[in-house]
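Computed from a predicted structure; not experimentally measured. One-based numbering, in listed order, for ligands and for the atoms of each.
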Amino acid sequence: MLDIAKIRDEYPILERQIEGRPLIYLDNAATSLTPTRVVNAVTDMYQHHKANVHRGVHTLSQEATDLVEGTREKVRQFIHAGSTEEVIFTRGTTEGINLVASSMGDSMSHGDEIILTVMEHHSNIVPWQLIGQRHRVRLRVVPISDDGVLDLNAYEDLFTENTRFVAFAHVSNVLATVNPAREMIEIAHRHGVPVLVDGAQAVPHHAIDVQALDADFYTLSSHKMYGPTGVGVLYGKKQLLSKMPPYQGGGEMIGRVTFDKTTFADLPFKFEAGTPDFVGIAALGTAIDYMAELGVERIAAHEHQLLDAATQGLMTIDGMHIFGTAQGKGAVVSFLVKDINSYDMGLLLDRLGIAVRTGHHCAQPLMDRYGVQGMVRASFAVYNTLDEVERFVEAVRRVAAMF
Ligand SMILES: *Cc1c(COP(=O)(O)O)cnc(C)c1O
């Protein structure tokens with residue numbers, strides 16, 4: 001069992017009072033809080049190791065390079081990639097998806113099709129739409145059932161000889177549905193189509209093995225997994241990455257530059273133009289050590305206890321509607337009570353010290369699917385407690401009774 005009280009000691013932000021009440025932070029799917037050891041890793045980098053990476057022969061530059069490359073190896077182990085050549089540092093999931101869409105899009109043309117799902121985050125819709133407009137590529141969308149489960153038969157039926165790419169969230173940021181990634185990838189591969197899995201909501205809560213999934217691309221965001229902001233990872237299979245054109249040009253990503261022609265660096269550097277956020281990358285290494293030390297399975301088990309308590313408690317409130325009730329869902333509960341606007345609920349909960357997400361959650365097509373403007377979302381992390389969940393449920397009950 002995890003010692004949650006001890007874990008909370010590393011989050012001084014949890015000692016804050018909001019409106020005279022202790023903060024209850026339930027907006028973890030937007031960004032997780034950051035433990036002191038990760039903050040210290042950022043500070044330590046600035047205070048003792050700051051030098052640009054991969055350039056200098058001097059000691060500080062070597063140290064910074066070692067920290068960045070050390071994190072690359074930690075990421076490789078954490079997601080079970082075959083090689084560090086397949087681990088590309090980005091600014092986040094959004095940039096990882098844009099990189100793949102932009103680079104793969106170059107080889108797409110009029111009439112080609114890309115399959116997405118209706119539960120995608122805008123960052124796994126808009127990059128494909130931009131490519132789609134440029135190359136006149138059509139988006140096909142996998143529907144869901146009311147409980148938030150993808151229709152796999154419909155998915156399989158969407159494949160045609162024109163399908164060029166599939167992209168979907170491993171775990172929905174709204175419904176918390178854990179999509180059957182392995183099976184969906186296998187179906188796509190049977191049609192000879194590569195797949196990108198958006199792992200932003202999966203990596204903080206599930207042990208990930210990109211090779212077991214056979215994912216062609218997989219993305220994550222550091223700030224959602226106890227790491228610093230501004231850093232993410234794109235995993236890609238070497239045989240695909242090596243054939244793809246660079247996404248951005250600049251320093252670090254070149255082999256030899258003349259005004260006639262430029263050759264590119266080897267993987268993964270071909271896709272890392274410019275100075276990376278080497279401070280953030282170093283601290284991401286600390287966040288990965290932290291998650292490994294706690295144990296992803298233990299984190300998930302604790303969060304599921306919280307989810308079960310929250311779900312059971314909320315269901316006792318008159319007029320409660322929970323969106324996303326798939327078997328084995330992640331630790332997120334999205335809901336509306338009666339016809340109370342999600343912003344009103346969010347504002348009133350804030351008055352009671354409780355931070356939840358309101359609105360469309362960067363998933364407007366999913367809101368349209370359910371015929372709502374927005375939802376209230378509570379999402380859990382390792383430092384949340386059953387006591388907080390009880391206070392949250394009672395606060396929702398109190399707000400609901402006001403309407
Ligand atoms: C947060 C999120 C993203 C975007 O991540 P950024 O860190 O903002 O780039 C994409 N997909 C899902 C499912 C998310 O939850």
Side-chain angles (χ1 to χ4, degrees), residues 26-34 38 75 79 88-102 116-130 141-142 144 148 150 166-181 184 195-206 208 213 215 217-235 247-248 271 276-277 280-281 283-284 287-288 303 323-324 326 329-334 355-367 369 374-375 377-381:
L26 300 179
D27 196 15
N28 295 289
T31 196
S32 63
L33 302 176
T34 316
V38 173
V75 171
I79 63 172
I88 296 161
F89 289 119
T90 63
R91 287 190 299 123
T93 291
T94 303
E95 191 180 45
I97 297 170
N98 275 279
L99 188 164
V100 175
S102 172
L116 308 175
T117 86
V118 73
M119 68 172 81
E120 294 316 308
H121 187 285
H122 293 162
S123 71
N124 200 23
I125 299 174
V126 184
W128 302 109
Q129 225 157 27
L130 292 173
V141 182
V142 187
I144 53 172
L150 285 178
V166 172
F168 63 86
H170 199 172
V171 177
S172 159
N173 65 313
V174 178
L175 307 169
T177 310
V178 182
N179 289 316
M184 292 173 72
V195 180
L196 176 142
V197 181
D198 167 357
Q201 296 293 342
V203 181
H205 314 282
H206 303 267
I208 301 299
L213 288 173
F217 301 97
Y218 198 98
T219 59
L220 62 85
S221 291
S222 156
H223 71 97
K224 291 183 176 174
M225 48 185 287
Y226 311 101
T229 59
V231 183
V233 169
L234 169 69
Y235 160 82
Y247 169 55
Q248 295 180 325
F271 291 105
D277 181 356
I281 292 169
L284 169 61
I288 288 175
E303 291 168 343
F323 298 88
K329 67 178 271 194
V332 171
V333 56
S334 294
V356 292
R357 179 79 188 268
T358 55
H360 57 65
H361 309 285
C362 298
Q364 284 173 351
L366 185 63
M367 299 300 118
R369 160 65 180 76
M375 299 175 187
R377 180 184 70 188
S379 49
F380 305 103

Numbering as shown, the atoms of ligand 1 that approach [X] to under 4.0 Å (heavy-atom distance):
X	value
S221	5 (O), 6 (P), 7 (O), 9 (O)
T94	4 (C), 5 (O), 6 (P), 8 (O), 9 (O)
Q201	13 (C), 14 (C), 15 (O)
S123	3 (C), 4 (C), 10 (C), 11 (N)

Could you check whether the rings of H122 and H360 sit parallel, tilted or perpendicular, using 30° and 60° as the cut-offs?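 Tilted.
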Please check this pair: side chain of S334 against backbone of V174, looking for a donor-acceptor N/O pair closer than 3.5 Å.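 Yes.
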Y226 versus T34, closest heavy-atom pair with distance: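 For Y226 and T34, the tightest heavy-atom pair comes out as O-CG2, 3.8 Å.
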Quick one: closest heavy-atom pair of E120 and L116, and the distance?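 It is CG-CB, 4.3 Å.
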Tell me, with the steps shown, if T93 and S221 meet side-chain hydrogen bond (donor to acceptor under 3.5 Å, both in side chains). CA-CA 5 Å; T93 291; S221 291; 2.8 Å; yes
Hey, does E95 sit under 4.0 Å from ligand 1 if you only count heavy atoms?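 No, that is not the case, since the closest heavy atom of the residue is not under 4.0 Å from the ligand.
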Could you work out, for atom 1 (C) of ligand 1, the closest of H121, H361, K224 by heavy-atom distance?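 It is K224 that holds the nearest heavy atom.
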Looking at non-hydrogen atoms alone, which of D198, I97, N173 comes nearest to atom 12 (C) of ligand 1?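 Closest candidate by heavy-atom distance is D198.
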W128 vs V100, test: side-chain contact (heavy atoms from CB on, under 4.5 Å). Steps then yes/no. CA-CA 9 Å; W128 302 109; V100 175; 4.1 Å; yes
Where on R91 is there a heavy atom closer than 4.0 Å to ligand 1, on the side chain, on the backbone, on both, or on neither?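 It is neither part, as no heavy atom is under 4.0 Å.
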